[in-house]
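Report on the following structure.
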Number of protein chains: 2
Amino acid sequence: MKTIEIKKGSIIQRKGDLNTKIYRVEKGMLRSFSIDNKGKEHIFMFAPEGWIVADGADVNLPAELYIDAIEDSTIHVFEKELTHRTLESKPLLNRISVLQKRIIMLMSSSAIERYEHFKETYPHILQRVPQKMIASYLGITPEALSKVKGDKLREK
Amino acid sequence: MKTIEIKKGSIIQRKGDLNTKIYRVEKGMLRSFSIDNKGKEHIFMFAPEGWIVADGADVNLPAELYIDAIEDSTIHVFEKELTHRTLESKPLLNRISVLQKRIIMLMSSSAIERYEHFKETYPHILQRVPQKMIASYLGITPEALSKVKGDKLREK
DNA sequence: CAAATGCATTAACCTAGATTAAGAAATAAC
DNA sequence: GTTATTTCTTAATCTAGGTTAATGCATTTG
């Protein structure tokens with residue numbers, strides 16, 4: 001295990017890199033994201049203090065996700081290889097549960113519904129990251145999020 | 001472990017049921033799906049012979065997904081409780097990898113791109129299930145899938 | 001076999017969200 | 001504190017995909 005301190009904006013993993021690392025956030029916040037063929041970013045996950053981020057792609061294949069710091073951060077870096085032997089199933093099952101819910105949400109809820117759900121589920125993250133990143137996580141543009149939030153307010 | 005034979009169309013798990021079972025398909029095909037607040041189905045997964053289906057939601061919470069047979073099927077039913085102790089991390093990690101890719105796809109690819117990807121990834125399933133179910137899996141309507149396929153052909 | 005149901009396709013119209021652009025407000029940098 | 005850079009909002013326009021509806025096939029069912 002290695003501990004590193006990184007500045008906001010530092011990229012610690014790129015798509016195509018070896019996918020052998022797991023990151024545990026001690027301080028600050030990381031995010032993982034993909035970049036599509038039009039150059040657009042799609043945030044896959046936010047990881048504040050205490051959270052673990054890793055590219056879930058197969059260890060033997062190149063990384064699919066970028067991972068960077070969105071705040072100055074202190075990170076513990078582990079090798080997947082070493083941790084995988086002792087891995088408990090509970091956190092993995094929990095992760096699967098979260099991903100399943102995310103897929104269902106993406107398929108069946110509107111932008112504003114996904115936003116409301118995010119707000120309830122991750123209120124602490126909502127306050128800490130720019131709204132355009134929330135939009136990216138939700139799968140919409142910043143303009144669209146701004147609009148649906150405004151509509152929501154007005155209709156009350 | 002219990003083995004059951006079920007007819008096409010039989011529902012073996014509903015949203016809200018106890019979420020304690022895992023199903024292994026010996027013959028035929030199952031699918032899991034959710035129903036949104038407008039009554040629309042969204043297929044989460046197809047499971048042909050040899051595959052395992054289960055609702056990934058927390059075991060202690062009610063099931064989120066429906067599971068039914070889309071062909072006459074023979075199924076082995078296991079209790080999650082019993083299997084979870086001996087669960088290896090490899091298949092779980094693989095599952096996480098698949099779900100991650102699905103989320104990225106839903107956020108960053110068009111309907112036709114998702115269709116092409118499905119076709120390459122699950123050609124055997126494509127041939128066996130009605131196109132409207134593929135559409136449901138992709139997160140679009142049957143009409144939209146029919147249209148983009150037609151457009152694709154014509155533009156060549 | 002006939003009738004009924006389910007499935008795929010096409011087309012007209014509609015809408016959520018994308019795109020583009022401009023300005024206001026907030027944050028960061030000097 | 002002033003300037004520069006991000007971020008957020010609003011508005012006009014555009015588009016992928018949704019909705020509704022009609023038609024033709026294919027598959028079940030009685």
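Just so we're on the same page: letters track the sequence lines, and every chain starts at 1.
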Check: Can you tell me how far CG of A:Asn60 sits from NZ of A:Lys80, rounded to the nearest 0.5 angstrom?
Finding: 9.5 Å

Next item on the list: Return the value, rounded to whole Å, for the distance between atom CD1 of B:Ile70 and atom P of C:dG6.
Entry: 16 Å

Atom pairs, N/O to N/O, protein against nucleotides 15-22 of chain C, distance under 3.5 Å?
{"from": "C:dG17", "atom 1": "OP1", "to": "A:Ala111", "atom 2": "N", "distance (Å)": "2.9"}
{"from": "C:dA18", "atom 1": "OP2", "to": "A:Thr141", "atom 2": "N", "distance (Å)": "3.1"}
{"from": "C:dA18", "atom 1": "OP2", "to": "A:Thr141", "atom 2": "OG1", "distance (Å)": "3.0"}

Can you give me every donor-acceptor pair (side chain of residues 139-150 of chain A, partner residue at least two apart or in another chain, under 3.5 Å) with its distance?
{"from": "A:Thr141", "atom 1": "OG1", "to": "A:Ala144", "atom 2": "N", "distance (Å)": "3.1"}
{"from": "A:Lys147", "atom 1": "NZ", "to": "A:Asp151", "atom 2": "OD2", "distance (Å)": "3.4"}
{"from": "A:Lys149", "atom 1": "NZ", "to": "A:Gln131", "atom 2": "OE1", "distance (Å)": "2.7"}

Check: Is it true that a side-chain atom of A:Glu120 and a backbone atom of A:His117 form a donor plus acceptor pair closer than 3.5 Å?
Finding: no

Check: Does the pair A:Glu49/A:Lys27 count as a salt bridge with the N-to-O cut at 4.0 Å?
Finding: no

Checklist line | Spacing of A:Asp72 atom CG relative to C:dA28 atom P, expressed in whole Å | finding: 11 Å

Checklist line | Residues in side chain to side chain contact (heavy atoms under 4.5 Å, CB included) contact with A:Lys21, at least two apart in sequence or another chain | finding: A:Tyr23, A:Val77, A:Glu79

Check: If you draw the axis of the six-membered ring of A:Tyr137, does the NZ or CZ of A:Arg102 fall within 45° of it and under 6.0 Å from the ring centre?
Finding: yes

Item checked: CG on B:Leu30 to CG on B:Asp68, rounded to 0.5 Å -> 7.5 Å

Next item on the list: Could you check how far CG of B:Leu126 sits from C1' of C:dC7, rounded to whole Å?
Entry: 15 Å

Note to self: Check for me, please, whether A:Trp51 and A:Ile6 land in the same ILVMFWY cluster - side-chain distances under 4.5 Å, paths through other members count.
What the structure shows: yes

Note to self: Tell me if the centroids of the rings in B:Tyr66 and B:Phe33 come within less than 6.0 Å of each other.
What the structure shows: yes

Checklist line | Euclidean distance, B:Met45 CE relative to B:Ile125 CD1, rounded to 0.5 Å | finding: 8.0 Å

Item checked: Helical bend (five base pairs per end, nearest 10°) for the helix from C:dC1-D:dG30 to C:dC30-D:dG1 -> 50°

Checklist line | Reference residue B:Glu71; test salt bridge (Lys or Arg N to Asp or Glu O under 4.0 Å); the match among B:Lys7, B:Arg31, B:Arg128 | finding: B:Arg128

Next item on the list: Let me know the distance between CD of B:Gln127 and C1' of C:dA8, rounded to the nearest Å.
Entry: 18 Å

Check nucleotides 26-28 of chain D for protein N or O atoms closer than 3.5 Å to its own N or O atoms and list the pairs.
none

Check: Would you say the side-chain atoms of B:Glu64 and B:Asn19 include a donor-acceptor pair closer than 3.5 Å?
Finding: no

Protein-nucleotides 5-7 of chain D N/O pairs under 3.5 Å:
{"from": "D:dT7", "atom 1": "OP2", "to": "A:Lys132", "atom 2": "NZ", "distance (Å)": "2.4"}

Notebook entry, point to check: Without hydrogens or angle criteria, can the side chains of A:His76 and A:Thr3 be said to hold a donor-acceptor pair below 3.5 Å?
Noted result: yes

Check: How long is the line joining CG of A:Leu153 and P of D:dT9, in whole Å?
Finding: 10 Å

